[in-house]
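Have a look at the structure below before the remarks.
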Amino acid sequence: MEELDIIRERIKKHRLSFVWLIKQLSMRGINTDKTEVSSIFAGTRKGAKADSIIQCSNEILDDYEREFVHNE
């Protein structure tokens with residue numbers, strides 16, 4: 001499974017939203033919006049910022065799962 005698909009599945013599994021993810025990214029100093037995130041997850045936007053958003057999204061979900069997910 002592609003990395004973007006895995007992130008989408010993790011968000012869905014925990015009943016989170018991309019709006020939540022965008023807010024979390026902002027709290028970590030990455031300013032983005034729905035259009036940009038949508039383009040990244042559709043695979044139409046590439047580059048250093050897209051890579052940073054993908055990497056940080058994984059870190060955010062790792063932190064979320066460590067803090068809130070138990071025995072899944």
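Excluded from the calculations below are hydrogen atoms, water molecules and symmetry mates; all remaining heavy atoms, backbone and side chain alike, are included. Keep in mind it's a predicted model, so treat the numbers as computed, not measured.
Shown here are the side-chain contact (heavy atoms from CB on, under 4.5 Å) partners of Thr44, two or more places apart in sequence or in another chain: Ser39, Ala42. For Gln55, the side chain to side chain donor-acceptor pair (under 3.5 Å) test picks out Glu59, with sequence neighbours left out. Partners of Lys23 under the side chain to side chain donor-acceptor pair (under 3.5 Å) rule, at least two apart in sequence or in another chain, do not exist in this structure. For Asp63, the salt bridge (Lys or Arg N to Asp or Glu O under 4.0 Å) partners are Arg28, Arg66, not counting sequence neighbours.
The shortest distance between side-chain heavy atoms of Glu9 and Ile6 does not fall below 4.5 Å. Side-chain contact between Ser26 and Asn31 is present, with at least one heavy-atom pair separated by less than 4.5 Å. Between Ile11 and Ser17 the shortest side-chain heavy-atom distance does not fall below 4.5 Å. Looking at Asn58 and Arg10, their side chains come closer than 4.5 Å, going by heavy atoms from C-beta outward. Taking 4.5 Å as the limit, some side-chain heavy atom of Ile54 sits within range of a side-chain heavy atom of Ile7.
Screening residues 37-48 for salt bridge (charged side-chain N to carboxylate O under 4.0 Å, His left out) gives Glu36-Arg45 as the qualifying pairs, with residues at least two apart or on separate chains. Listed by first then second residue, pairs satisfying ring-ring contact (aromatic ring centres under 6.0 Å, His included) with a partner in residues 43-64 read His14-Tyr64, Trp20-Tyr64, Tyr64-Phe68, not counting sequence neighbours.
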Requested in this report: Kindly determine whether Ile30 and Ile22 satisfy side-chain contact (heavy atoms from CB on, under 4.5 Å), including the steps that lead there.
Outcome: CA-CA 8 Å; Ile30 298 177; Ile22 291 165; over 6 Å; no
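Between Phe18 and Arg8, the shortest heavy-atom contact is CZ-CG, 3.8 Å.
In this structure, the separation between CG on Leu21 and CD1 on Ile53 is 8.5 Å, given to the nearest 0.5 Å.
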